[in-house]
Amino acid sequence: MNFLNTTDLDDLTLDRVLLAAEQLRSEPQQDWLAGKSVALIFLNPSMRTRTSMEVGVFQLGGHAVVLQPGKDAWGIEFEPSTVMHGEAEEHIAEVAAVLSRYVDVIGVRAFPKFVDWSVDRQDKVIKAFAQYSTVPVISLETITHPLQELALALTLRSQLGDPRGKQFLLTWTYHPKPLNTAVANSAITIASRLGMDVTLLCPNEDFLLDSRYLDIATTQCSQHGRSFEISHDIATAYSGKDFVYAKSWGALPWYGNWAKQQPQHHEYKHFIVDEEKMSKTNNARFSHCLPLRRNIKATDAVMDAPYCVAAEEAENRLHAQKAVLGMVTGALS
Ligand code: CP
């Protein structure tokens, strides 16, 4: 089986993966991947995902091979039936077929191209890997970040106990560049799945996420009898929250047109997470997927506060990913 989105997992499977990850915290060494290999394809930079996947595969007794197409491996063409007179030296059909003969799992990081959201929202690169591979494919972040979702879920469970009925805030934050919406899409997806009241705080309607993810959050909150709210008011949005999650992303109406969005984007530096905003919460924990620019997205005081659990969430990536590797290879029964 592939692992491309948490929404592909039924509730029982999601819970099984989270429980396995929690057990792996205290029993990190397993032989689930003994004699097996994992290819990790990075089309974009990474620190946490790459390190935690490599270490996780090692702790499960397997071997990881990292490939960066266009850098240390041939560039890949993803368009079907195309004349390949561009930069790419080989087609995904051959790449996936050959890797499937060498390894037992393929992980892929493929960020959007930031040109046309109507194209990027189709998530074609990871779908092409899934189409042409004969071994399981794991998303290492595309237009969602499902492994980060699992790490966030583990963090919510360890910090809040049962997250059901607790108040979750996803706040947009300023960043000098327009970033991927993946983690934001994922944050509201998993918080609503866990039965939390979810608030999305962003400067104005231009910064709303794709309706696909707003609909998922709305539906899942409703299924749990909880609420999904959108707010543009900082004080109200922080008030009484149990968990504050921050992420910056580029406004979708300006997608591919950064120069036009830039002046508006820079008006919202005050969305930075600071102690004054955190003081409005219900002694909330704060987290971020990282990397994070200090004193741009969150202040030093917030990042160094005992309530900042970003490092724990990053550690949880390791446990969650090992559980996912166990799931896709059938070792986790
Ligand atoms: N959070 C996360 O995916 O970090 P990296 O980009 O460093 O992998």
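Note that ligands are numbered from 1 as they come in the structure, with each ligand's atoms numbered from 1 the same way.
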Problem - Tyr268 and Phe207 aromatic ring geometry - parallel, tilted or perpendicular at 30°/60° bounds - result: perpendicular

Side chain to side chain contact (heavy atoms under 4.5 Å, CB included) assessment of Arg109 paired with Leu43: CA-CA 6 Å; Arg109 168 165 283 194; Leu43 296 166; 5.8 Å; no

Per-atom filter on ligand 1: closer than 4.0 angstrom to a heavy atom of Arg317 are 1 (N), 2 (C), 3 (O)

A student checking ligand 1 against His145 at a 4.0 Å heavy-atom cut-off should list atoms 2 (C), 3 (O)

Could you tell me how the ring of Trp249 sits relative to the ring of Trp172: parallel (under 30°), tilted (30 to 60°) or perpendicular (over 60°)?
-> perpendicular

Under 4.0 Å between heavy atoms, the region of Leu290 that gets near ligand 1 turns out to be backbone

Would you be so kind as to tabulate the donor-acceptor pairs closer than 3.5 Å made by side chains of residues 2-18, with sequence neighbours excluded?
residue, atom, partner, partner atom, Å
Asn2, OD1, Val137, N, 2.8
Asn5, OD1, Thr144, OG1, 2.7
Thr6, OG1, Glu149, OE1, 2.6
Asp10, OD1, Leu12, N, 3.3
Asp10, OD1, Thr13, N, 2.7
Asp10, OD1, Thr13, OG1, 2.6
Asp11, OD1, Arg193, NE, 3.0
Asp11, OD1, Arg193, NH2, 3.0
Asp15, OD1, Arg157, NH1, 3.0
Arg16, NH1, Leu332, O, 3.0

Within 4.0 Å of some non-hydrogen atom of Met47, the atoms of ligand 1 are 5 (P), 7 (O), 8 (O)

Under 4.0 Å between heavy atoms, the region of Gln148 that gets near ligand 1 turns out to be side chain

Open item on the list: Tell me whether the rings of Tyr174 and His265 are parallel (<30°), tilted (30 to 60°) or perpendicular (>60°).
Closed with: tilted

Quiz item: Would you say Cys289 has any N or O atom under 3.5 Å from an N or O of ligand 1, going by distance alone?
Solution: yes

Exercise. With distance as the sole test, does Lys280 use its side chain to make a donor-acceptor pair with the main-chain N or O of Glu276 at under 3.5 Å?
Worked result: no

Nearest heavy atom to atom 6 (O) of ligand 1, choosing from Arg50, Arg48, Arg109, Met53, belongs to Arg109

